[in-house]
J.: 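Sharing a structure with you now.
The structure presented is a predicted model; accordingly, all values stated were derived computationally and were not measured. Just so we're on the same page: letters track the sequence lines, and every chain starts at 1.
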2 protein chains.
Amino acid sequence: MRVLGVDPGLTRCGIAVVEGVPGRVRMVAVGVVRTPSTSPPGERLAYLQDRMEEWFDRYLPGAVAVERVFADSNVASVMTTMQATTIPLLAAARRGLPATMHTPTEVKASVTGSGRADKAQVTAMVTRILRLDTPPRPADAADALALAICHLWRGASTDRLTTLAGLEHGRLAEQAARP
Amino acid sequence: MRVLGVDPGLTRCGIAVVEGVPGRVRMVAVGVVRTPSTSPPGERLAYLQDRMEEWFDRYLPGAVAVERVFADSNVASVMTTMQATTIPLLAAARRGLPATMHTPTEVKASVTGSGRADKAQVTAMVTRILRLDTPPRPADAADALALAICHLWRGASTDRLTTLAGLEHGRLAEQAARP
């Protein structure tokens, strides 16, 4: 299974693609899309959407994982971050792909074993899990990788917002991983 | 000038088109797009986008007004509401149209004279301003009309998030209104 993970944002949006089965995962691609905060929101969203479409068309993921944003996390930037989550959700829906949202705590717990791990620990574990020569930078890129790994490991079966298609996809992936 | 106003939401999204100049405005169309809360967020967004595109293509607005959503207004629904704001912003950006966000207080003050007016007062004033035979229902439809009227009356010049294009558009509209 190939998973596209998104750490949403308009100033910086981390996008990563990993593939494999739980316990055996490799990085396919990672990157960050940036848009200037001085541009109008609509233009920033359209630019992010154009780049996101390129990622979907190029890497053809079978599932999408997006970080769940909370309203009370950072009032100043939460509006644009929540708007940014729309872009991968739309791209997935247009392609009939299951999209799942994972909380930061779920992602941290999945890759480090602790839901309260800091950014350095997440980056270190992502680097180790994917056997990378250098740690992924910036943090948004590492977070997108961690999200995709988390999704691959957890399957989609635990997320309440998962589509029925997503649930089935997750079950099949889990079965494939545990023959 | 023809303005498309959007009261964003995924469960109910109010969309309205008005045209005219400040002091002389008529309703072109009003409606509400609904998506079931049981559907996955991506599918709801895609459905809303399809309907929104139809509105833009059919009524060819020259400017777009969207209600500004605040993170602390209602935590339970704020996530999907903020995601819904993305749809008209994207549609406007793709067409090179200026998109402006107005706060509920600005809208209420603009159509009733008081920023603390209740929904009944807003609906009553919208009905009177547009010389409608019956009040627009549901409240989301009335709110979308109020937004579009507010935008037409204020011009786009007072909104900080307005694009440069939007600003110029607003000034031209104001000049046209005060010959």
Side-chain angles (χ1 to χ4, degrees), chain A residues 6 8 10 35 37-50 52-53 56 63-64 66-101 156 159-167 169, chain B residues 6 8 10 35 37-50 52-53 63-101 156 159-167 169:
Chain A
V6 178
L10 278 188
T35 71
S37 59
T38 49
S39 294
E43 285 181 26
R44 301 177 76 187
L45 287 162
Y47 182 85
L48 174 60
Q49 187 172 53
D50 289 344
M52 190 70 73
E53 292 291 320
F56 273 77
V64 179
V66 183
E67 184 169 309
R68 184 185 297 284
V69 181
F70 292 100
D72 57 338
S73 58
N74 183 344
V75 175
S77 69
V78 76
M79 173 92 178
T80 54
T81 305
M82 284 194 177
Q83 289 179 332
T85 64
T86 306
I87 304 302
L89 293 179
L90 272 176
R94 295 294 183 195
R95 290 165 176 80
L97 298 174
T100 308
M101 306 195 93
D159 195 277
R160 290 187 205 127
L161 275 188
T162 300
T163 67
L164 195 60
L167 275 164
H169 196 94
Chain B
V6 178
L10 278 188
T35 71
S37 59
T38 49
S39 294
E43 284 181 26
R44 301 176 76 188
L45 288 163
Y47 181 84
L48 174 59
Q49 187 171 53
D50 289 344
M52 190 70 73
E53 292 291 319
V64 180
V66 183
E67 183 169 309
R68 183 186 297 282
V69 182
F70 291 101
D72 57 339
S73 58
N74 182 343
V75 175
S77 69
V78 76
M79 173 90 178
T80 55
T81 306
M82 284 195 177
Q83 288 177 333
T85 64
T86 306
I87 304 301
L89 293 179
L90 272 175
R94 295 296 183 193
R95 290 164 174 80
L97 299 174
T100 308
M101 306 194 95
D159 195 279
R160 289 188 205 127
L161 274 188
T162 301
T163 66
L164 195 59
L167 276 164
H169 196 93

J.: Which atoms form the tightest heavy-atom contact between A:Ala93 and B:Glu43, and what is the distance?
T.: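 Of all heavy-atom pairs spanning A:Ala93 and B:Glu43, the closest is CB-N, 3.8 Å.
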J.: Going by side-chain hydrogen bond (donor to acceptor under 3.5 Å, both in side chains), name the residues that satisfy it together with A:Gln83, two or more places apart in sequence or in a different chain.
T.: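 With sequence neighbours excluded, A:Gln83 shows a side-chain hydrogen bond (donor to acceptor under 3.5 Å, both in side chains) to B:Thr85, given in chain and number order.
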J.: What pairs with A:Thr81 under side-chain hydrogen bond (donor to acceptor under 3.5 Å, both in side chains), at least two apart in sequence or on another chain?
T.: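 A:Thr81 satisfies side-chain hydrogen bond (donor to acceptor under 3.5 Å, both in side chains) with no other residue.
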J.: Closest approach of A:Arg94 and B:Gln49, non-hydrogen atoms and distance?
T.: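 Smallest heavy-atom distance, with atoms named: NH2-OE1, 2.7 Å.
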J.: Pick one of side chain, backbone, both or neither for B:Ala92, based on which atoms fall under 4.5 Å of a heavy atom in chain A.
T.: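 Neither part.
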J.: For each of B:Gly42, B:Ala91, B:Ala84, B:Pro88, tally heavy-atom pairs with chain A at distances under 4.5 Å, and name the one with the top tally.
T.: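 Highest number of heavy-atom pairs under 4.5 Å: B:Gly42.
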J.: What is the distance from atom OG1 of A:Thr86 to atom CG of B:Leu90, rounded to the nearest 0.5 Å?
T.: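 Taking OG1 in A:Thr86 and CG in B:Leu90, the distance rounds to 8.0 Å.
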